[in-house]
Amino acid sequence: MAFLSACTSWRHVHNAGFTFITKFPFVRNVHKLSYHISPLSSRFSLADISVKENNHPNGPQLRLQTHFFHSSSPMHATKGFRFPKSSTPLTLPAVLSVASFANLLQIPTRRILRDLNRLGIKDVFPEYLITYEYSSLLAEEYGFDVQEAAAYSAPSPKSLNSKKDSGPLRPPVVTLMGHVDHGKTTLLDAFRKSTIASTEHGGITQKIGAFTVPFDKGSKFITFLDTPGHMAFEAMRKRGANIADIVVLVVAGDDGVKPQTVEAIKHIQSADVPVVVALTKSDRPGTPIHKIYEQLLNNGIQVEALGGETQIIPISAKTGKGIPELEAAILTLAEIMEIRASPRDPFQGWIVESSVTKGVGSSATVVVKRGTVKKGMYLVAGKSWCKVRSLVDVNKKSIKQVLPGQAAQVYGWKDLPIAGDLAYEVKSESEAKRILSDIYRQSNEQNFYELAESQNEQRVSALAAKKSGPAAIQEETSVSKSFNIIAKCEDTGSMEALSDYLKPLQFGKVKSRVLYTGVGPVTETDIERAETSDAIIISFGVSVPKATFRLAEKHNVKLLFHNVIYHLMDDVRKLFALRLPPILVQRVTGEAIISAIFDIKAKRAVVHVAGCRVTNGTIEKSHKIRLVRNDKIIWSGEIDSLKHLKEEVTSIKKGRECGILLKNFDEIVTGDKLQTFVEEYKPPDF
Ligand SMILES: Nc1nc2c(ncn2[C@@H]2O[C@H](COP(=O)(O)OP(=O)(O)OP(=O)(O)O)[C@@H](O)[C@H]2O)c(=O)[nH]1
């Protein structure tokens with residue numbers, strides 16, 4: 001097994017025996033298969049295994065070639081079956097059941113089951129799913145010429161940040177990046193003379209906004225992308241850096257370099273994009289400029305004032321100070337970079353955001369990197385295509401075309417493309433459909449492989465658990481505990497951010513499981529699915545009508561609605577904590593300090609009674625009590641007697657004095673603290 005996995009070039013191994021082809025992502029199946037075939041070696045003389053890695057168009061492949069040669073080989077010795085005389089061409093899907101495979105090959109199912117069994121694949125049945133590498137192996141051994149389906153043929157995009165483009169200069173795409181609340185949107189407002197920042201939910205940006213702003217009396221333009229600073233939106237920031245020609249890194253002068261500034265710098269560096277630093281809020285007193293220079297330098301920004309090439313421009317979006325200098329710096333940098341694109345080239349660009357509007361359908365914000373988008377054109381992006389129905393610019397004005405370096409809303413998508421998808425022009429509806437059918441086929445293959453793998457794995461572990469008895473079954477079920485979530489969002493960008501936050505949630509053996517996410521309102525189907533799968537539903541940014549809340553309540557489904565990511569995160573964590581096994585905690589109900597010790601004669605001996613003043617809460621006689629000395633719990637137990645003056649009482653409130661006799665504990669000293677407490681179960685802090 002280890003031997004097979006170690007092979008990276010043609011090798012020959014004696015005493016082995018058949019052929020299979022596997023794509024790189026499923027190489028781990030090689031291990032499984034090699035495990036499965038091991039029983040064979042004792043039964044058959046197997047001839048030759050060759051392993052080769054080559055440059056297949058679908059990615060690296062491992063090809064293992066072997067030949068059954070022995071007369072006792074199950075395939076060759078099979079009675080009553082005539083192999084195709086010459087190799088008959090056969091195309092196999094990614095995954096199919098044993099029964100369908102048998103049908104396709106016109107070989108009796110029981111014979112295939114038996115041969116699989118002999119190959120070491122035990123407990124197979126007609127519905128058992130076999131993946132391509134198994135089916136192709138078998139089919140070849142039955143004499144078929146297995147042919148692979150055509151590979152995905154979408155045009156591969158040239159680098160969209162190519163500096164080699166010819167054509168006229170185009171407006172630069174400038175992404176604003178930085179830590180939350182450092183002033184990105186307010187800076188954009190200053191450029192646009194708008195007031196977006198004041199209208200945002202929770203005062204934070206939660207989606208990428210694209211705005212084309214005129215400068216120099218309309219002779220020049222810059223297309224700005226505003227990115228969210230909250231930690232949850234890392235994927236959007238990364239995308240923002242990848243799409244940008246230039247990044248403006250926003251750092252608040254009064255706060256300096258913070259975690260999301262550092263993260264933004266990493267994305268800027270990995271996208272290899274030039275940067276200008278805007279030192280915002282410089283109207284506030286005491287901006288420690290040199291400290292910030294050092295922080296930036298320590299994170300790889302070569303500050304101009306310290307001999308590097310990156311300009312740091314102090315600005316105030318409130319007073320307008322430094323704004324013209326920042327604008328000039330961006331335009332000069334763009335001129336030096338000579339960002340060119342021909343409007344006549346085939347269109348290529350990026351989807352930066354996408355959403356569904358009731359009555360209008362799917363729309364996507366597209367940034368054009370080269371070529372022109374016009375009404376009537378055919379576009380493909382991700383798994384969607386579109387005949388451009390209408391175009392709307394950033395001022396919500398209907399336009400006829402979008403030129404390179406500009407952003408606009410494109411309407412007419414058949415399905416919703418996803419933020420971050422590459423968008424490109426195709427010639428016709430039929431070309432778009434052909435490309436998409438290839439894309440879908442590939443993605444279905446991947447899904448099928450995963451489905452088959454998980455089903456087969458489940459079977460293997462179920463069998464193992466059955467053999468090991470009830471304890472193993474118990475262990476298995478406790479591992480698979482999950483906090484199921486269905487999430488509906490306003491747009492694909494927030495859907496991605498929410499998924500990125502939800503998917504890794506885990507505490508001990510309890511894990512989150514995002515059943516699915518979608519764009520649009522919560523539907524009755526979502527509620528029914530949540531009910532059957534014991535899931536909560538999250539609606540992020542899409543308001544939920546009262547009737548939907550009522551329906552969810554009727555089905556006993558928890559439905560959360562939030563506009564602001566950090567409020568949503570708080571609530572999700574609370575609900576997750578409720579699914580965790582509760583922990584036993586001691587809640588202190590009263591505290592008293594021992595100020596004197598009285599020796600009292602009891603029936604047979606002298607006992608020490610603690611003379612106390614209650615300093616916090618109420619001392620309840622019925623509660624448990626513990627003694628704390630030098631911040632350490634020395635003892636815990638029960639109260640034997642609680643007295644106010646001479647009267648036995650059940651409780652004593654803060655500020656009053658009392659005498660406490662502890663049950664079976666006598667070693668008290670003045671200054672000790674007595675705490676009454678109750679024990680309760682509560683969800684662990686998560
Ligand atoms: N005094 C002063 N306040 C500013 C300046 N720029 C932004 N602010 C304030 O800083 C706060 C945050 O500003 P935003 O523009 O929303 O910050 P942001 O970086 O876009 O925030 P996120 O997008 O949520 O990451 C707001 O209260 C602004 O009014 C500035 O130059 N001077």
Side-chain angles (χ1 to χ4, degrees), residues 174-211 213 224-241 243-244 247-268 275-289 292 296 312-327 329-330 352-353 365 419 490-491 493-494 496-498 500-501 540-541 562-570:
V174 176
T175 301
L176 302 175
M177 299 180 80
H179 194 72
V180 69
D181 275 352
H182 274 201
K184 298 173 287 295
T185 310
T186 312
L187 170 59
L188 184 57
D189 278 340
F191 279 134
R192 299 183 67 208
K193 298 174 183 55
S194 59
T195 53
I196 303 168
S198 58
T199 60
E200 289 176 333
H201 290 301
I204 64 164
T205 307
Q206 300 184 114
K207 57 175 82 168
I208 286 196
F211 308 92
V213 182
F224 285 105
L225 300 182
D226 185 15
T227 62
H230 190 280
M231 54 183 279
F233 300 97
E234 179 173 359
M236 283 192 205
R237 284 188 290 277
K238 189 172 176 191
R239 189 153 56 243
I243 296 174
V247 168
V248 171
L249 178 65
V250 171
V251 183
D254 58 349
D255 209 16
V257 169
K258 295 303 224 194
Q260 268 61 54
T261 325
V262 176
E263 183 220 282
I265 293 173
K266 283 197 186 123
H267 292 316
I268 292 164
V275 60
V276 177
V277 178
L279 212 59
T280 53
K281 310 192 186 184
S282 68
D283 52 298
R284 292 186 177 166
T287 301
I289 288 196
I292 296 175
L296 289 168
I312 319 285
I313 302 169
I315 63 145
S316 165
K318 295 272 162 168
T319 65
K321 179 196 151 196
I323 302 285
E325 286 81 354
L326 179 60
E327 175 191 315
I330 298 169
V352 291
E353 203 43 275
T365 308
E490 191 182 4
D491 48 53
S494 51
E496 177 192 42
L498 194 57
D500 288 349
Y501 169 70
F540 178 35
H562 279 293
N563 270 331
V564 180
I565 189 88
Y566 48 80
H567 292 153
L568 178 63
M569 286 171 159
D570 286 350

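Counting starts at 1 for both ligands and their atoms, following the listed order. Side chains are part of it too, since the values below use all heavy atoms of this structure and drop only hydrogens, waters and symmetry mates.
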**OP:** Step by step, work out the side chain to side chain contact (heavy atoms under 4.5 Å, CB included) result for Leu296 and Leu249.
**Re:** CA-CA 11 Å; Leu296 289 168; Leu249 178 65; 4.2 Å; yes
Original post:
What atoms of ligand 1 come closer than 4.0 angstrom to any heavy atom of Val180?
Top reply: 24 (O), 25 (O)
Original post:
Taking the minimum heavy-atom distance to atom 4 (C) of ligand 1, which of Lys184, Lys318, His179 ranks first?
Top reply: Lys318
Original post:
With only distance considered, is Ile315 within less than 3.5 Å of ligand 1 through an N or O on each side?
Top reply: no
**OP:** Any chance you could measure Asp255, atom CG, to Asp181, atom CG, to the nearest 0.5 Å?
**Re:** 9.0 Å
**OP:** Please determine if Arg284 and Asp254 form a salt bridge, counting it only when a charged side-chain N lies under 4.0 Å from a carboxylate O.
**Re:** yes
Original post:
So, does Lys184 use its side chain to make a donor-acceptor pair with the main chain of Gly178 at under 3.5 Å?
Top reply: yes
Subject >> Per atom 6 (N) of ligand 1, closest listed option by heavy atom (Thr186, Leu187, Asp181) >> reply: Thr186
**OP:** Please could you name the atoms of ligand 1 that Asp283 approaches to less than 4.0 Å, counting only its heavy atoms?
**Re:** 1 (N), 2 (C), 30 (C), 31 (O), 32 (N)
Original post:
Parallel, tilted or perpendicular for His567 and His562, by the 30°/60° rule?
Top reply: tilted
Subject >> Option set Gly320, Gly322, Ala317, criterion heavy-atom distance to atom 31 (O) of ligand 1, minimum >> reply: Ala317
**OP:** Determine whether any heavy atom of Ser316 lies closer than 4.0 Å to an atom of ligand 1.
**Re:** yes
Original post:
Under a 4.0 Å heavy-atom limit, does Asp226 contact ligand 1 with its side chain, its backbone, both, or neither?
Top reply: neither
Original post:
Any N or O on Thr280 sitting closer than 3.5 Å to an N or O of ligand 1?
Top reply: no
Subject >> Side-chain donor-acceptor pair present, Asp189, Thr186, cut-off under 3.5 Å >> reply: no
